Peer 1: 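I have a structure I would like to understand better, so I am pasting it below and will then ask my questions one at a time.
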Amino acid sequence: MEKVDGWKLFKFSESLQQRMEQLLEKKKGAQLMAEEVAELDAIGELDRIFTQINAMMVAQEVNQRADDIERLG
């Protein structure tokens with residue numbers, strides 16, 4: 001997890017981010033081997049999962065802040 005603009009978010013490690021970028025570049029050149037296609041698919045699935053979790057966490061935090069404001073207001 002990493003704090004981004006005040007939000008705690010799941011993010012890829014630097015090495016995983018770089019690996020994804022390498023695989024995407026190879027994909028553009030149609031140079032991916034079958035095992036790399038599977039690897040890129042898995043990283044893509046992890047990205048979708050992180051996006052969903054982050055959206056849920058941000059929504060929960062927004063709701064909590066709204067509740068706090070209402071309670072104090």
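Keep in mind the model is a prediction, meaning the values are calculated, not measured. Below, all heavy atoms of this structure are taken into account, side chains as well, without hydrogens, waters or symmetry copies.
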Peer 1: Decide yes or no for Glu21 and Glu25: does some side-chain heavy atom of the first lie under 4.5 Å from some side-chain heavy atom of the second?
Peer 2: no

Peer 1: Holding to salt bridge (charged side-chain N to carboxylate O under 4.0 Å, His left out), I want the full list of residues that pass it with Lys3, two or more places apart in sequence or in another chain.
Peer 2: none

Peer 1: Run the salt bridge (charged side-chain N to carboxylate O under 4.0 Å, His left out) test against Asp68 and tell me which residues pass, sequence neighbours left out.
Peer 2: Arg71

Peer 1: Quick one: ring pair (Phe, Tyr, Trp, His ring centres under 6.0 Å) pairs with a partner in residues 45-73, sequence neighbours left out?
Peer 2: Phe10-Phe50, Phe12-Phe50

Peer 1: According to salt bridge (charged side-chain N to carboxylate O under 4.0 Å, His left out), does anything in residues 6-15 pair up with another residue at least two apart or in another chain? List the pairs.
Peer 2: none

Peer 1: Does Met33 have any side chain to side chain contact (heavy atoms under 4.5 Å, CB included) partners at least two apart in sequence or in another chain, and if so, which?
Peer 2: Glu35, Glu36

Peer 1: How many angstroms lie between CG in Asn54 and CD1 in Ile49, if you round to the nearest 0.5 Å?
Peer 2: 12.0 Å

Peer 1: Which residues satisfy the side chain to side chain donor-acceptor pair (under 3.5 Å) test with Gln52, sequence neighbours excluded?
Peer 2: none

Peer 1: Please write out which residues are connected to Trp7 in a hydrophobic cluster, directly or through intermediates, given that two of Ile, Leu, Val, Met, Phe, Trp, Tyr count as joined at side-chain heavy-atom separations below 4.5 angstrom.
Peer 2: Val4, Leu9, Val58, Val62

Peer 1: Using the test side chain to side chain donor-acceptor pair (under 3.5 Å), find all partners of Glu70 that sit at least two apart in sequence or belong to another chain.
Peer 2: none

Peer 1: Could you walk me through whether Leu23 and Val37 satisfy the side chain to side chain contact (heavy atoms under 4.5 Å, CB included) test, starting with their C-alpha distance in whole Å, then the side-chain angles of each, then the deciding distance to 0.1 Å, before giving a yes or no?
Peer 2: CA-CA 8 Å; Leu23 292 170; Val37 170; over 6 Å; no

Peer 1: Suppose the criterion is ring pair (Phe, Tyr, Trp, His ring centres under 6.0 Å): which pairs have a residue in residues 26-48, not counting sequence neighbours?
Peer 2: none

Peer 1: Could you walk me through whether Gln64 and Gln60 pass the side-chain hydrogen bond (donor to acceptor under 3.5 Å, both in side chains) test, one step at a time?
Peer 2: CA-CA 6 Å; Gln64 181 63 48; Gln60 183 178 23; over 6 Å; no

Peer 1: Between Gln18 and Gln22, is any side-chain donor less than 3.5 angstrom from a side-chain acceptor?
Peer 2: no

Peer 1: Would you give the length of the straight line joining atom CG of Leu32 to atom CG of Leu24, rounded to the nearest 0.5 angstrom?
Peer 2: 8.5 Å

Peer 1: Report the residues that fulfil side chain to side chain contact (heavy atoms under 4.5 Å, CB included) with Ser15, sequence neighbours left out, ordered by chain and then residue number.
Peer 2: Ser13

Peer 1: Output every pair passing salt bridge (charged side-chain N to carboxylate O under 4.0 Å, His left out) with a member in residues 47-56, not counting sequence neighbours, ordered by first then second residue.
Peer 2: Glu45-Arg48

Peer 1: According to the ring pair (Phe, Tyr, Trp, His ring centres under 6.0 Å) rule, which pairs have a member within residues 52-73, sequence neighbours left out?
Peer 2: none

